[in-house]
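So the structure is just underneath, and the comments pick up after that.
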Amino acid sequence: MFHNYFFLKRLAPQLEKELKGLALLECFSQNKDELILGFGDKDREFYIRANLDPNVSLLSFPEQFARAGKNSVDLFPQLLDKTVTKVEVFRFERSFQILFADEALIFKMHARRANILYLKNGEVNSIFRKNLSQDLEINPADLHKDIEISQQQFVAHGCNPIELIPALGKEVKMYLEETGFYELIDREKWIHFQELLSKLDINPIFLHDGPAISLVKQSTEKAERAIAATNWLYNKTVRSFYFEKEKADGISKLKQRIKKSENYISKTRSKLAQVENSRSPEELANILMANLHSLQTGLTKAVLHDFYTDQPIEIKLNRELSPQKNAENLYRKAKNRHQEINALQENIAAKEKLIDKLSRQILHIQEIADTKELRRYFKDHGLTQKEKVKTENLPYHSFEVDGWQILLGKNAKANDELTLKVANKNDLWLHAKDVAGSHVVIRQQPGQNYPAHIIEKAAALAAANSKRKTDTLCPVIYTEKKFVRKMKGSPAGQVIVEKEEVVMVEPKSLDQ
């Protein structure tokens, strides 16, 4: 009912009583869909808050309003210190205007297309919501609708009140449907329509759960003044809308993390099956060792008897190595293969555990009914929306994986700064083994161990940003940063590492 001519017809005279004779002292916006207007003189002040978010297009009139110290933009400066002369509603329109001599502000309350227009000498000069550029073409004189309320015009419009007066709005249309208006004969419709107009003019303002206000649908809760009803609706709607939006956004982010984890599990299981079903390098090494007497250095391949399958098998060889060294390489690959299988299984288990945790968080959030409790839960569980940090001048790229921060050095000089100045002593430090590459740091979370899948992710990133980025598998060393030191005079990025461990990973970026 708020975007309804008959409600605005009640609101406008009350606003005129409050505003007439006051000057516009401030007019600013703190977000793209909200405009704050502060009026006053030496004795009193009055504020209008216009929230023109397409989903919540409402007004309110707070007793006071503290302007934020930043992210605030002054608007319509031409009107500052101008005095209000009148407030009027446009006839049979969902708009009203605040007049200042030869200037005015039109509040076009058209739900999703609501806007505020600045008028100079009767013409639209500028608008608040710039994306509604067609509002610049509005002729304010055309906003007044000369509608003749007569039985003849009522019949000419098919005995349909909404066709005759479009500004009645959807609430009145629903009321007509609920009261059986459209099943009446034409003569009864005219009588019913006259009764409706009378109710719209004299009924109290009814307040409903939902929330909603109505001039026709009765309830036990009422508001004496349109200004009070407007404030009630704004507070109820905004609190409900933004609470539900905040809750939905939080749940949506958790569902996205679940989906990413499920995709990761699917890909990892496929890779695990591929590794497990491939021929074991250890078996190939055993076949080579059983045939060393018939092999010599310089071969690129050998066809041998496979005593596992009792069939011939072709084994590729490195011509630069002896048959025994080729076998040793295969034994090493077998060990790496075993490590890779263990790592893949651990990663799958970690992701399944994460999915279970996220699913339980979603169930808990769905039960929360209070904004403070919701935000406290988000904060306690690391689900708050963090402000994006400008990284142009930082020596590293920053990533977040399942709540863990991973830092990647940009170059050799940046590696030194990341490791020696940025990283804390208990952060985990990673680097591709025995080759040049970027330093990688996982930020410590107090009281928590570094999850295996996070170490693997960071190690894969280190491998992908090293000279071994094209290898199938790359060994990556990791240790706490306190075991990494730099010799005086050593080249940029070069460090000495102690107490390191090694993980075998496939080089890849975090989004792979």
4.5 Å side-chain heavy-atom contact, [X] and [Y]:
{"X": "Leu105", "Y": "Leu37", "value": "yes"}
{"X": "Leu52", "Y": "Leu35", "value": "no"}
{"X": "Lys410", "Y": "His397", "value": "yes"}
{"X": "Leu58", "Y": "Phe241", "value": "no"}
{"X": "Ile116", "Y": "Leu75", "value": "no"}
{"X": "Val422", "Y": "Arg443", "value": "yes"}
{"X": "Asp416", "Y": "Lys413", "value": "no"}
{"X": "Trp429", "Y": "His439", "value": "yes"}

* **Worked check of side-chain contact (heavy atoms from CB on, under 4.5 Å) between Ile454 and Leu428** => CA-CA 11 Å; Ile454 295 297; Leu428 201 66; over 6 Å; no

Taking [Y]'s backbone N and O only, do any of them form a donor-acceptor pair with [X]'s side chain (distance below 3.5 Å, no angle check)?
{"X": "Gln445", "Y": "Gly403", "answer": "yes"}
{"X": "Ser466", "Y": "Arg468", "answer": "yes"}
{"X": "Ser252", "Y": "Ala248", "answer": "no"}
{"X": "Asp370", "Y": "Glu373", "answer": "yes"}
{"X": "Asp306", "Y": "Tyr308", "answer": "yes"}

* I would like to know whether Glu456 and Glu346 meet side-chain contact (heavy atoms from CB on, under 4.5 Å); could you show each step before the answer? => CA-CA 10 Å; Glu456 189 226 18; Glu346 288 176 2; over 6 Å; no

Atom [atom1] of [X] and atom [atom2] of [Y]: how far apart are they, to the nearest 0.5 Å?
{"X": "Leu418", "Y": "Leu394", "atom1": "CG", "atom2": "CG", "value": "10.5 Å"}
{"X": "Ile313", "Y": "Ile287", "atom1": "CD1", "atom2": "CD1", "value": "4.5 Å"}
{"X": "Cys27", "Y": "Asp74", "atom1": "SG", "atom2": "CG", "value": "8.0 Å"}
{"X": "Ile315", "Y": "Asn291", "atom1": "CD1", "atom2": "CG", "value": "8.0 Å"}
{"X": "Ile348", "Y": "Thr268", "atom1": "CD1", "atom2": "OG1", "value": "5.5 Å"}
{"X": "Ser322", "Y": "Gln296", "atom1": "OG", "atom2": "CD", "value": "11.5 Å"}

* To do: Dump the intermediate steps for side-chain hydrogen bond (donor to acceptor under 3.5 Å, both in side chains) on Ser280 and Glu282, then the final yes or no.
  => CA-CA 5 Å; Ser280 167; Glu282 183 178 3; 4.6 Å; no

Are there more than 12 heavy atoms of other residues, nucleotides or ligands under 6.0 Å from atom [atom1] of [X]?
{"X": "Lys481", "atom1": "NZ", "answer": "yes"}
{"X": "Asp209", "atom1": "CG", "answer": "no"}
{"X": "Gln64", "atom1": "CD", "answer": "no"}
{"X": "Lys353", "atom1": "NZ", "answer": "no"}
{"X": "Lys32", "atom1": "NZ", "answer": "no"}
{"X": "Lys271", "atom1": "NZ", "answer": "yes"}
{"X": "Glu262", "atom1": "CD", "answer": "yes"}
{"X": "Asn449", "atom1": "CG", "answer": "no"}

So, [X] and [Y], do they make that salt bridge, N to O below 4.0 Å?
{"X": "Lys325", "Y": "Glu320", "result": "no"}
{"X": "Asp402", "Y": "Lys260", "result": "no"}
{"X": "Arg269", "Y": "Glu352", "result": "yes"}

Shortest non-hydrogen contact from [X] to [Y]?
{"X": "Met109", "Y": "Ser57", "result": "CE-OG, 4.0 Å"}
{"X": "Pro491", "Y": "Lys486", "result": "O-NZ, 2.7 Å"}
{"X": "Pro475", "Y": "Val502", "result": "CB-CG1, 3.8 Å"}
{"X": "His431", "Y": "Val476", "result": "O-CG1, 3.4 Å"}
{"X": "His208", "Y": "Trp232", "result": "O-CH2, 3.1 Å"}
{"X": "Asn415", "Y": "Gly409", "result": "OD1-CA, 3.4 Å"}

* Worked verdict on Leu407 versus Asp427 for side-chain contact (heavy atoms from CB on, under 4.5 Å) -> CA-CA 10 Å; Leu407 309 179; Asp427 289 345; over 6 Å; no

* Within 45° of the axis and under 6.0 Å from the centre of the six-membered ring of Phe65, does NZ or CZ of Arg49 qualify? -> no

* Residue pair His110 / Glu93, side-chain donor-acceptor N/O under 3.5 Å -> yes

* **Qualifying salt bridge (charged side-chain N to carboxylate O under 4.0 Å, His left out) pairs with a residue from residues 241-251, counting only residues at least two apart or across chains** =>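 Residue pairs passing salt bridge (charged side-chain N to carboxylate O under 4.0 Å, His left out), neighbours aside: Lys245-Asp249, Glu246-Arg375.
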
* Step through it carefully: locate the ring centre of Tyr450, locate the ring centre of Trp404, and say whether they are under 6.0 Å apart. =>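 Yes - the distance between ring centres of Tyr450 and Trp404 falls below the 6.0 Å cut-off.
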
* Can Glu498 and Thr479 be said to form a side-chain contact (heavy atoms from CB on, under 4.5 Å), step by step? -> CA-CA 8 Å; Glu498 299 173 349; Thr479 187; over 6 Å; no

* To do: Apply the salt bridge (Lys or Arg N to Asp or Glu O under 4.0 Å) test between Asp135 and each candidate in Lys108, Lys130, Arg129; give the one that qualifies.
  => Lys108

